[in-house]
Amino acid sequence: MKLPALVITPHSSFQVPAEVLAEMLGERFYDSLARQARLDWLFREGDHHTEVLFHTPEAHPLQAPFSRFVVDLNRDREEAGANGVIKLTDFEGRPLYPSGFALDAQKREERLRRYWDSFHAEIERMLRTHAIRLLVNGHSMQPTGPAIGPDAGKPRPGICLMAGTDAQGDPVASHSSLPKRVAREVLGLAQRHFAPVLRGQPTEAITLGEPWKSDQISQRYSDPARPRPVWGFGLEFNRALYLRYEDDQERPNDAMIRDLNAAFREFLAELMERLA
């Protein structure tokens, strides 16, 4: 019998449909090296390895089928801007499309219907058919804030818990995705389960609401105005914990990924016991 928890990784994929890749590359779409270089770039900009970090066969998993640069599933459907639902640049402000490219209203709506709507329809189905009580949205974050982030250039903690609250658990959004008491309890459990894994790492802090206070998928499905709201939170792992650099290449630290995943699964199992 599975835990009544839904574990989502909305940015784990680096797949890009051919029609979107062609829009990004123009004539270079027919150059196999250019196509692979663009996919490699988007892989590095995504939350790579989160499908392994948050692998939880005891719960109900849901992984994004396409890159966040096709549509960002962790954004409101109508969110515009550089870091909105359809991004025209990466997180350092580098353009993803040829000069002068623009999505007209019809093409934008078609892309949202095809990729954003279908994914969120599956979340709705899983919440309904599996009697989900808790939603966890899994991410990774760069070691320091990127150019378009709210903390550009600042070092980030090892793990960040996002529940629509500040560091004390008080709501900062229209609502918190966890009640204050529960947010503080989740933080304490995270600190207990992950602290041994983070000990001696470049960054050991486990925070609530720093640098990110809210997670949009968690906020969306915990909204008390919904017919069946569920508690939820986002969890960010700092990439410095599980990536290492050799010969100017970014390589995964498989042992650390395994340890972080084991700690996450133990953390989630104890949390669900407490919420029972």
Side-chain angles (χ1 to χ4, degrees), residues 1-12 47 50 53-64 72-77 119-141 157 159-194 206-237 260-261 263-276:
M1 187 172 180
K2 291 201 171 198
L3 298 172
L6 175 58
V7 180
I8 301 174
T9 50
H11 300 149
S12 54
D47 288 2
T50 51
L53 288 162
F54 292 96
H55 171 61
T56 317
E58 306 91 332
H60 299 274
L62 182 60
Q63 297 163 14
D72 193 331
L73 301 167
N74 199 49
R75 293 289 179 268
D76 290 335
R77 194 182 190 278
F119 188 80
H120 283 269
E122 180 61 9
I123 294 177
E124 295 277 10
R125 187 196 69 80
M126 294 185 77
L127 292 176
R128 182 176 64 254
T129 59
H130 298 299
I132 299 298
R133 297 189 57 217
L134 180 73
L135 183 154
V136 181
N137 205 24
H139 305 270
S140 70
M141 57 183 169
I159 295 176
C160 171
L161 168 67
M162 300 168 285
T165 75
D166 60 19
Q168 286 69 48
D170 294 315
V172 295
S174 59
H175 68 279
S176 59
S177 57
L178 291 175
K180 180 174 181 176
R181 173 189 60 80
V182 178
R184 298 297 302 173
E185 184 173 7
V186 172
L187 177 63
L189 277 178
Q191 289 171 335
R192 183 155 65 80
H193 283 279
F194 289 109
I206 301 170
T207 62
L208 175 62
E210 179 195 343
W212 305 108
K213 292 181 170 57
S214 64
D215 168 86
Q216 291 198 24
I217 285 180
S218 302
Q219 291 293 117
R220 178 181 180 85
Y221 292 100
S222 63
D223 188 340
R226 284 176 50 82
R228 291 181 297 273
V230 295
W231 286 349
F233 60 88
L235 204 62
E236 297 256 13
F237 288 128
L260 286 167
N261 176 245
F264 173 72
R265 290 167 67 175
E266 292 168 359
F267 155 76
L268 184 62
E270 183 173 354
L271 175 57
M272 294 309 297
E273 282 184 12
R274 295 196 181 196
L275 296 180

Find the distance between [atom1] ([X]) and [atom2] ([Y]) and round it off to the nearest 0.5 Å.
X    : Y    : atom1 : atom2 : result
M141 : L235 : CE    : CG    : 9.0 Å
S177 : F233 : OG    : CZ    : 9.0 Å
L135 : Q219 : CG    : CD    : 11.0 Å
C160 : L187 : SG    : CG    : 10.0 Å
R265 : L53  : CZ    : CG    : 12.5 Å

Show your working on side chain to side chain contact (heavy atoms under 4.5 Å, CB included) between K2 and H130 and close with a plain yes or no.
CA-CA 9 Å; K2 291 201 171 198; H130 298 299; over 6 Å; no
Which atom names give the shortest non-hydrogen contact between [X] and [Y], and what distance separates them?
X    : Y    : answer
L161 : A183 : CD2-O, 3.9 Å
L268 : A59  : CD2-CB, 4.2 Å
N74  : I217 : OD1-N, 3.0 Å

Taking it one step at a time, do F237 and D47 satisfy side chain to side chain contact (heavy atoms under 4.5 Å, CB included)?
CA-CA 9 Å; F237 288 128; D47 288 2; over 6 Å; no
With under 30° as parallel and over 60° as perpendicular, where do the rings of F264 and F54 fit, or are they tilted in between?
perpendicular
Identified side chain to side chain contact (heavy atoms under 4.5 Å, CB included) counterpart of W231 within the set V136, V186, I132, L134:
L134
Decide yes or no on side chain to side chain contact (heavy atoms under 4.5 Å, CB included) for R228 and L127, but give the supporting numbers first.
CA-CA 9 Å; R228 291 181 297 273; L127 292 176; over 6 Å; no
Between the side chains of T50 and H11, does any donor sit under 3.5 Å from an acceptor?
no
Between R184 and L178, is a side chain to side chain contact (heavy atoms under 4.5 Å, CB included) present by the stated rule, with each step listed?
CA-CA 9 Å; R184 298 297 302 173; L178 291 175; over 6 Å; no
Qualifying salt bridge (Lys or Arg N to Asp or Glu O under 4.0 Å) pairs, either residue in residues 211-221, two or more places apart:
none
